[in-house]
Structure formats: C-alpha cells, structure tokens
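Working notes for the structure below.
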Amino acid sequence: GGIMKKAKEITVLCDAQVSLVIFSSSGKMSEYCSPSTTLVKILDRYQKSSGKKLWDAKHENLSNEVERIKKENDNMQIKLRHLKGEDLTSLHPKDLIPIEEALQNGLAGVRAKQMDYLKMLKKNERVLEEENKRLSYILHQQQLAMEGNVRELEHGYHQREREGPPQMPFAFRVQPIQPNLHQNK
C-alpha cells in the first residue's frame with residue numbers, strides 16, 4: 001500500500017508519468033498508472049527509450065493485424081454510409097458510379113425476390129380456387145343426393161301406408177367427378 005501511495009505522490013509532485021505493477025506471492029496483482037497515460041503507452045515509451053524488445057514478433061504481427069482490421073472496418077463503415085446515401089458530398093463523381101451500380105443490382109435482386117413471391121402467391125391462389133370448385137361440386141352433389149333421399153323416404157312412407165309391407169330404403173353413393181386438369185384459367 002505504501003508503494004502505491006508513493007507512486008501517486010511522485011505523479012503529482014514531480015508531474016511524472018508513473019506506472020507500477022505488483023504481483024504478490026499469492027498471485028494477486030495490484031497496479032497503478034498515472035491518469036494522463038496508459039500502461040501500454042508507458043511500455044512502448046520504455047521500449048523505444050531502452051532499445052529492448054518487450055513484444056516479440058508474434059505480438060507485433062497480432063497488433064498489426066488488429067490495426068489492419070480496424071482500418072478495414074472503418075472503410076466498410078464509410079462504404080455502408082455511402083450506400084445509405086450519407087456523406088456523398090465528399091465523393092468524386094466517378095466514385096458514385098460503383099455505388100449506383102451496387103444499388104441497382106441490389107434493387108434488381110429485391111424486385112426479383114418480390115416477383116418470385118408474387119408468382120408463388122398466384123399459383124397458390126389458383127390451386128385453392130380449383131380445390132374450392134372441386135369441394136363445391138362435391139357438396140352440391142351431396143346436397144342433391146340428400147334431397148333425393150328425403151324425397152325417396154317421403155315417397156316410401158306414403159307407399160308403405162298404402163302397400164303395407166316395409167321396403168328397404170335405397171342407398172345412394174355419390175361419385176365425385178374429377179376436375180379437368182388440362183383446363184387453365
């Protein structure tokens with residue numbers, strides 16, 4: 001604790017950049033870094049001043065890769081803003097041509113997808129209309145058959161009263177007619 005207090009005092013009294021890292025025997029880490037800097041900045045400054053390599057080539061390659069990815073991300077963010085129609089005033093007219101082509105290609109893709117969806121809906125509509133016609137025909141045939149059975153039953157009851165012996169009721173079986181699959185709407 002005393003060492004940490006002294007590091008803070010040196011920072012204030014001497015206007016110095018101080019960084020302190022302590023590992024106890026149990027493995028607990030304590031650290032202090034001047035408010036005006038970071039540990040990485042102090043280590044980089046130490047490396048430059050002493051000429052000693054603190055980072056091996058692997059770490060430098062990773063650092064370079066991170067920087068490259070950050071730049072790529074920034075460029076992609078700028079391109080995305082341009083595609084959204086933002087910050088176009090900073091572009092040269094010849095830079096606008098690829099953006100326009102990309103937007104036209106995207107629009108053509110969206111329209112093609114919408115047309116596919118519309119075709120699918122119309123096909124489903126035709127299938128449902130044909131199914132509705134077929135079911136309507138079957139229902140109509142069943143209603144006719146039921147009306148015929150009622151007439152037969154009424155007629156049969158009147159005959160029984162006249163004739164005497166009961167008759168066996170007729171059974172009707174409706175045969176659905178298949179719709180002509182070759183007709184198009």
Side-chain angles (χ1 to χ4, degrees), residues 3-24 27-136 178-185:
I3 293 175
M4 291 289 206
K5 184 177 175 185
K6 291 294 180 191
K8 291 176 185 176
E9 289 174 358
I10 291 171
T11 299
V12 174
L13 293 174
C14 300
D15 193 29
Q17 293 181 342
V18 177
S19 182
L20 176 66
V21 179
I22 302 172
F23 289 97
S24 69
K28 180 182 172 191
M29 182 185 84
S30 301
E31 66 176 313
Y32 170 77
C33 191
S34 299
S36 61
T37 189
T38 64
L39 180 61
V40 174
K41 287 180 183 177
I42 286 185
L43 291 174
D44 284 340
R45 194 168 166 190
Y46 172 79
Q47 182 173 306
K48 288 176 186 173
S49 297
S50 69
K52 295 180 181 177
K53 286 278 189 183
L54 295 176
W55 316 111
D56 60 1
K58 181 180 176 183
H59 288 107
E60 283 189 38
N61 289 338
L62 288 175
S63 178
N64 292 339
E65 183 67 14
V66 167
E67 287 300 318
R68 186 191 65 77
I69 290 173
K70 282 182 182 178
K71 287 179 184 175
E72 186 178 333
N73 185 22
D74 290 342
N75 288 337
M76 291 176 114
Q77 290 291 334
I78 290 169
K79 286 181 182 180
L80 181 60
R81 281 198 306 274
H82 290 161
L83 287 174
K84 287 181 178 180
E86 301 169 1
D87 297 334
L88 294 178
T89 55
S90 64
L91 292 176
H92 192 272
K94 69 178 181 180
D95 295 334
L96 293 173
I97 294 171
I99 293 173
E100 181 183 15
E101 290 173 356
L103 290 172
Q104 286 175 346
N105 290 339
L107 185 59
V110 168
R111 285 186 178 149
K113 188 71 172 173
Q114 286 176 333
M115 288 305 294
D116 290 344
Y117 184 69
L118 184 62
K119 287 177 185 177
M120 182 189 68
L121 288 177
K122 287 187 178 192
K123 179 183 175 188
N124 288 345
E125 180 182 14
R126 283 193 304 270
V127 167
L128 289 174
E129 284 177 355
E130 290 174 7
E131 181 70 11
N132 189 26
K133 284 181 184 178
R134 187 181 71 79
L135 291 173
S136 294
Q178 294 295 323
N180 189 351
L181 299 177
H182 299 289
Q183 288 180 343
N184 291 331
K185 288 197 145 205

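Residue numbers start at 1 and run along the sequence shown. These numbers come from a predicted model, not from an experiment.
In this structure, the separation between CD on Q17 and OG1 on T37 is 4.5 Å, given to the nearest 0.5 Å. One finds the CZ atom of R111 at 14.0 Å from the CG atom of L118 (value rounded to the nearest 0.5 Å). How far CG of L39 is from CG of D44: 9.5 Å, rounded to the nearest 0.5 Å. In this structure, K6 NZ and L20 CG are separated by 13.5 Å, a value rounded to the nearest 0.5 Å. Within the model, atoms NZ of K122 and CZ of R126 stand 8.5 Å from one another, a figure rounded to the nearest 0.5 Å. Rounded to the nearest 0.5 Å, atoms NZ (K70) and CG (N73) are 10.0 Å apart.
Closest approach of I42 to S19, counting heavy atoms only: CD1-CB, 3.4 Å.
We find that E129 and K133 are not joined by a salt bridge, their nearest charged nitrogen and carboxylate oxygen being 4.0 Å or further apart.
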For this session: Go through the steps for R68 and E72 under the test side chain to side chain contact (heavy atoms under 4.5 Å, CB included), then give the verdict.
Result: CA-CA 6 Å; R68 186 191 65 77; E72 186 178 333; 2.9 Å; yes
Problem set entry | Verdict with reasoning, E130 to R134, per salt bridge (Lys or Arg N to Asp or Glu O under 4.0 Å) | CA-CA 6 Å; E130 290 174 7; R134 187 181 71 79; over 6 Å; no
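Under a 3.5 Å cut-off, the side chain of S34 and the backbone N or O of V18 do form a donor-acceptor pair.
Counting heavy-atom neighbours within 6.0 Å of M76 CE, excluding the residue itself, gives a total of 12 or less. For R45, the CZ atom sits in a loose shell: 12 or fewer heavy atoms of surrounding residues, nucleotides or ligands are nearer than 6.0 Å. D15 CG: 12 or fewer foreign heavy atoms inside a 6.0 Å radius.
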